[in-house]
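Per chain, numbering begins at 1; letters A, B, ... match sequence-line order.
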Amino acid sequence: GENVEQHPSTLSVQEGDSAVIKCTYSDSASNYFPWYKQELGKGPQLIIDIRSNVGEKKDQRIAVTLNKTAKHFSLHITETQPEDSAVYFCAASIYNQGGKLIFGQGTELSVKP
Amino acid sequence: EAGVVQSPRYKIIEKKQPVAFWCNPISGHNTLYWYLQNLGQGPELLIRYENEEAVDDSQLPKDRFSAERLKGVDSTLKIQPAELGDSAVYLCASSSQGAEQFFGPGTRLTVL
């Protein structure tokens with residue numbers, strides 16, 4: 001089955017700096033890669049996703065890149081703000097097959113003012 | 001538009017007691033998921049429903065866990081009897097035709 005590895009487990013940056021979180025997956029059939037942000041006491045919130053027919057997607061300060069050959073994808077947050085502090089999860093699945101999401105272990109991002 | 005609703009938000013019970021969680025998905029979403037999230041880890045799927053049919057329950061511990069989605073809308077997840085190791089957050093998510101999944105706030109279960 002699919003296995004998703006996520007690094008780093010914790011990340012601390014200064015406000016205004018960039019943050020990068022990386023994930024690798026094992027199943028070449030996976031074609032959908034969402035990223036979730038989870039704040040304390042809340043459920044995961046979908047912030048951006050990418051499908052395997054594109055290599056990069058951007059939404060304001062957030063971007064995701066995908067390398068299908070190497071089976072890895074990354075989340076990039078630019079101009080970080082204290083409100084970006086949260087736990088971020090990557091996941092992989094097969095889109096539109098109702099497939100279960102296989103999550104990474106999470107990255108706790110801390111943005112220091 | 002309302003998001004996924006879950007209740008209760010918190011539940012504390014003693015071991016061997018039963019407990020039930022309720023989920024109301026986003027209106028029009030035919031796919032409903034129950035995930036288990038242990039502290040410091042990512043969510044793990046317990047069961048997936050397409051309308052009222054459970055299409056993936058391979059990760060559900062069927063000796064003590066059960067779930068239902070009788071009318072293809074709301075769903076209930078039950079544990080009977082609860083064990084200490086069941087302490088976790090139980091998340092419900094929904095999607096339309098198996099696309100993007102949206103999560104509820106979760107129910108935090110503590111078993112004493």
Side-chain angles (χ1 to χ4, degrees), chain A residues 1-11 21-25 27 29-53 57 59 64 75 86-109, chain B residues 2-10 21 23-26 29-51 53-60 69 72 88-110:
Chain A
E2 176 65 276
N3 182 53
V4 177
E5 297 286 335
Q6 181 173 347
H7 300 280
S9 57
T10 62
L11 180 59
I21 303 170
K22 298 181 179 182
C23 290
T24 59
Y25 61 100
D27 188 349
S30 292
N31 60 4
Y32 175 63
F33 308 93
W35 286 87
Y36 286 85
K37 174 184 181 182
Q38 188 171 27
E39 297 175 314
L40 197 61
K42 296 184 178 181
Q45 176 192 2
L46 180 66
I47 56 173
I48 194 168
D49 56 14
I50 191 168
R51 302 179 199 178
S52 60
N53 58 343
K57 183 177 179 180
D59 182 3
V64 57
L75 178 71
V87 179
Y88 290 80
F89 290 97
C90 64
S93 78
I94 300 175
Y95 187 76
N96 267 353
Q97 291 190 15
K100 65 183 179 184
L101 291 172
I102 304 298
F103 283 85
Q105 298 86 343
T107 296
E108 184 174 3
L109 173 64
Chain B
V4 176
V5 179
Q6 290 187 248
S7 68
R9 291 295 317 280
Y10 306 92
F21 315 122
C23 173
N24 180 244
I26 292 172
H29 281 192
N30 63 314
T31 308
L32 184 146
Y33 312 78
W34 283 102
Y35 285 86
L36 166 70
Q37 186 175 27
N38 287 306
L39 188 64
Q41 298 183 23
E44 300 174 28
L45 182 73
L46 289 172
I47 189 168
R48 171 169 65 95
Y49 281 94
E50 296 288 345
N51 300 304
E53 182 182 359
V55 296
D56 183 357
D57 63 356
S58 57
Q59 302 302 311
L60 190 73
R69 193 185 185 200
V89 175
Y90 292 82
L91 293 163
C92 180
S94 70
S95 71
S96 176
Q97 305 299 327
E100 295 86 352
Q101 295 183 30
F102 297 93
F103 284 81
T107 296
R108 180 175 296 278
L109 174 66
T110 301

Can you check whether B:Tyr35 reaches A:Leu101 side chain to side chain, under 4.5 Å on heavy atoms? yes
Does B:Arg108 reach the main-chain N or O of A:Gly41 with its side chain, forming a donor-acceptor pair under 3.5 Å? no
At a 4.5 Å cut-off on heavy atoms, which part of A:Pro44 comes close to chain B: side chain, backbone, both, or neither? both
Rounded distance (nearest 0.5 Å) linking atom OH of A:Tyr32 with atom CD of B:Gln101: 7.5 Å
Less than 4.5 Å to any heavy atom of chain B: does that hold for the side chain of A:Ile102, its backbone, both, or neither? neither
Here the pair of heavy atoms bringing B:Gln37 nearest to A:Phe89 is NE2-CZ, 3.5 Å
B:Gln59 versus chain A, heavy atoms under 4.5 Å apart: side chain, backbone, both or neither? side chain
Which region of A:Gln38, side chain (C-beta onward) or backbone (N, CA, C, O), has a non-hydrogen atom less than 4.5 Å from a non-hydrogen atom of chain B, or is it both or neither? side chain
Most contact-rich option vs chain A, by heavy-atom pairs under 4.5 angstrom, among B:Gly104, B:Pro43, B:Gly106, is B:Pro43
Taking atom CD as the centre, does A:Gln105 end up with more than 12 heavy-atom neighbours from other residues, nucleotides or ligands that are less than 6.0 angstrom away? yes
Can you name the side chain to side chain donor-acceptor pair (under 3.5 Å) partners of A:Asn3, sequence neighbours left out? A:Glu5
